[in-house]
Amino acid sequence: MELSVNGRQRRAARTAANPAPQAGKKPTGTAAAPRRAGNDRATWSQAALSFLQELNRQDMEKQRKLLEAKQKGSSELDALAKSMKVMEQCRKIASRIMKGDKVPPQDERFLMEADPDGYKLALACRVPKEKPKEWDSVLEDEEEEGGSAQEAETGGETAEAPDSGGETAAC
């Protein structure tokens, strides 16, 4: 950096030529600067506030969509659980029919309405028995006792399988 006398003289001449405008600008500038700074802060604060409000709104929207998806998923899950329960009941009834046992007419009707193909297959694959076991309704058991009846019946069905005389269905 080079200092020259000519540069200092030019600057001094400029300041001497315009002393009044700078003096007028200083008070105005000092008074305007805090206002501008205050306005800038207020403007920035309002902009920041609106930005944060928008972010909060977007977050709330995402949370609402997630909640709706969970509720929809749980209703689908309930529907699937109900259909699985119906399928399990149909399987039990069809199994009893195929083994040649007697099932209540309401169970046969339920199987016929819920799974017509399964009903036809169970009748076609029925193995005659000399002493068929008479079963209580699967529908009543499931409604009254829940899981304990299901465990008891599964144990009963596996114990009955050898009693079928070793005959196997052609199905």
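Within the model, atoms NZ of K92 and OG of S95 stand 10.0 Å from one another, a figure rounded to the nearest 0.5 Å. A distance of 13.5 Å separates CG in D101 from NZ in K131, rounded to the nearest 0.5 Å. Distance check: R64 CZ to E61 CD gives 4.0 Å after rounding to the nearest 0.5 Å. Taking CZ from R57 and NZ from K62, the interatomic distance works out to 11.0 Å, rounded to the nearest 0.5 Å. Rounding to the nearest 0.5 Å gives a distance of 6.0 Å between NZ of K129 and NZ of K99. If you take CD on E54 and CG on D59, they are separated by 10.0 Å, rounding to the nearest 0.5 Å.
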Trace of the salt bridge (Lys or Arg N to Asp or Glu O under 4.0 Å) decision for E88 with K85: CA-CA 5 Å; E88 180 67 17; K85 182 179 177 183; over 6 Å; no

Steps toward side-chain contact (heavy atoms from CB on, under 4.5 Å) verdict (Q53, N56): CA-CA 5 Å; Q53 286 175 343; N56 286 340; 5.5 Å; no

CA sep, side-chain torsions, deciding dist, call: K102, E134, side-chain contact (heavy atoms from CB on, under 4.5 Å): CA-CA 5 Å; K102 291 184 180 180; E134 290 189 26; 3.9 Å; yes

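Closest approach of S137 and D107 over heavy atoms only: OG-OD1, 2.6 Å. The nearest pair of heavy atoms linking C90 to F110 is SG-CE2, 3.9 Å. Taking all atoms of both residues into account, the shortest heavy-atom contact from Q106 to L139 is O-CD1, 4.1 Å. Across P132 and G100, no two heavy atoms sit closer than the pair CB-O, 3.2 Å. Heavy-atom minimum distance, R96 versus D136: NH1-O, 3.4 Å. Looking at every heavy atom in both residues, L111 comes nearest to I93 through CD2-CG2, 3.8 Å.
Taking 4.0 Å as the cut-off between side-chain N and carboxylate O, E68 and K65 do not count as a salt-bridged pair.
Criterion: ILVMFWY side-chain heavy atoms under 4.5 Å apart, direct or through other members. Under it, V138 and L123 are part of a common hydrophobic cluster. Criterion: ILVMFWY side-chain heavy atoms under 4.5 Å apart, direct or through other members. Under it, V86 and I97 are part of a common hydrophobic cluster.
Residue pairs meeting the side-chain hydrogen bond (donor to acceptor under 3.5 Å, both in side chains) criterion with at least one member in residues 111-121, sequence neighbours excluded: E108-Y119.
With S50 contributing its side chain and Q46 its backbone, the two residues share a donor-acceptor pair below 3.5 Å.
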